[in-house]
Amino acid sequence: MKLGRVIGRVVADRKHEAFEGTKLMLIQPLDSERKPSGDVLVGMDAVRAGEGDLIMYESSKEAGQCFSNWYHPGDVAIMGIIDHIEGEDAAKTGGA
Amino acid sequence: MILARVTANVVADTKIEDYKNLKIMMVQPIKPDGSDDGKMMLAVDNAQAGIGDTVIICDEGGSARMLMDTPNIMTIRTVIAGIVDEVTLDIND
């Protein structure tokens, strides 16, 4: 599972039926200092995340499992909205 | 599996059902000598790890289900599988 920030939304009317009714968000992966690190991804939102939210996302088969208990084509999903981060690492970034 | 150092605890009240009462930690993969090696990840703690611990990380869904003993939870992939007491490096290539 990785750390990311929601930076936008994607609207697509014509898409695979498995994505029907699923909100698609733009995710910017972040490094431990909350700096962008890696390419922007399109992820399925399972927790009603909003733009600017610090989130945790999972990729690969596990992501789609939030939306169906059988195989699902989606491979990036937002699993949680992070309130804050505590510990040694937080000192570098003020915990946000 | 890989070696990693636990760097922080992640607090998130809004999570999917499967993650509701699981502890999520921030981990930094490391080389045997302890230096950083690759990108930071978030992992479900299944070994009561603490910040600063050296741990073993499993980053695959099937293994995660076995480790967590939750065969029907399919959304967990990265898990802290154990806490390392000692790493002995015999050959320093």
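Residue numbering restarts at 1 for every chain, and letters A, B, ... go by the order of the sequence lines. No experiment lies behind these values; they were computed from the predicted model shown.
Following chains of ILVMFWY side-chain contacts shorter than 4.5 Å, one cannot reach A:Val42 starting from A:Val6, and the two form parts of different hydrophobic clusters. A:Leu41 and A:Leu54 fall within the same hydrophobic cluster, defined by Ile, Leu, Val, Met, Phe, Trp and Tyr side-chain heavy atoms under 4.5 Å apart, directly or through other members. Under the 4.5 Å side-chain heavy-atom criterion for ILVMFWY residues, no single connected hydrophobic cluster contains both B:Ile51 and B:Ile30. Cluster annotation: B:Val79 is not connected to B:Val84 through the hydrophobic network of ILVMFWY side chains, with a link wherever side-chain heavy atoms come within less than 4.5 Å. Cluster annotation: B:Ile16 is connected to B:Val10 through the hydrophobic network of ILVMFWY side chains, with a link wherever side-chain heavy atoms come within less than 4.5 Å.
Expressed to the nearest 0.5 Å, how far CH2 of A:Trp70 lies from CE of B:Met74 amounts to 8.5 Å. Annotation: the span from B:Thr14 atom OG1 to A:Asp53 atom CG amounts to 8.5 Å, rounded to 0.5 Å. One distance of note links CD1 of B:Ile73 with CD of A:Glu62; it measures 12.5 Å at 0.5 Å rounding. How far NZ of B:Lys15 is from CD1 of A:Ile78: 16.0 Å, rounded to the nearest 0.5 Å.
Within a 6.0 Å radius of CD in A:Glu20, more than 12 heavy atoms belonging to other residues, nucleotides or ligands are found.
Between B:Thr75 and A:Cys66, the shortest heavy-atom distance links the atoms CG2-N, 3.7 Å. When all heavy atoms of B:Ala8 and A:Ile85 are compared, the pair lying nearest together is CB-CG2, 3.4 Å.
Of the possible donor and acceptor atoms, none in the side chain of B:Asp13 sits under 3.5 Å from a partner among the backbone N and O of A:Asp83.
Contact check for A:Met1 versus B:Ile24: side-chain heavy atoms found under the 4.5 Å cut-off. Taking the side chain as every heavy atom from C-beta outward, B:Ile76 and A:Glu58 never approach each other to under 4.5 Å. Using a 4.5 Å heavy-atom threshold, the side chains of A:Ser59 and B:Arg77 count as touching.
Scanning residues 32-41 of chain B against chain A with a 4.5 Å non-hydrogen threshold yields B:Lys39, B:Met40, B:Met41, sorted by number.
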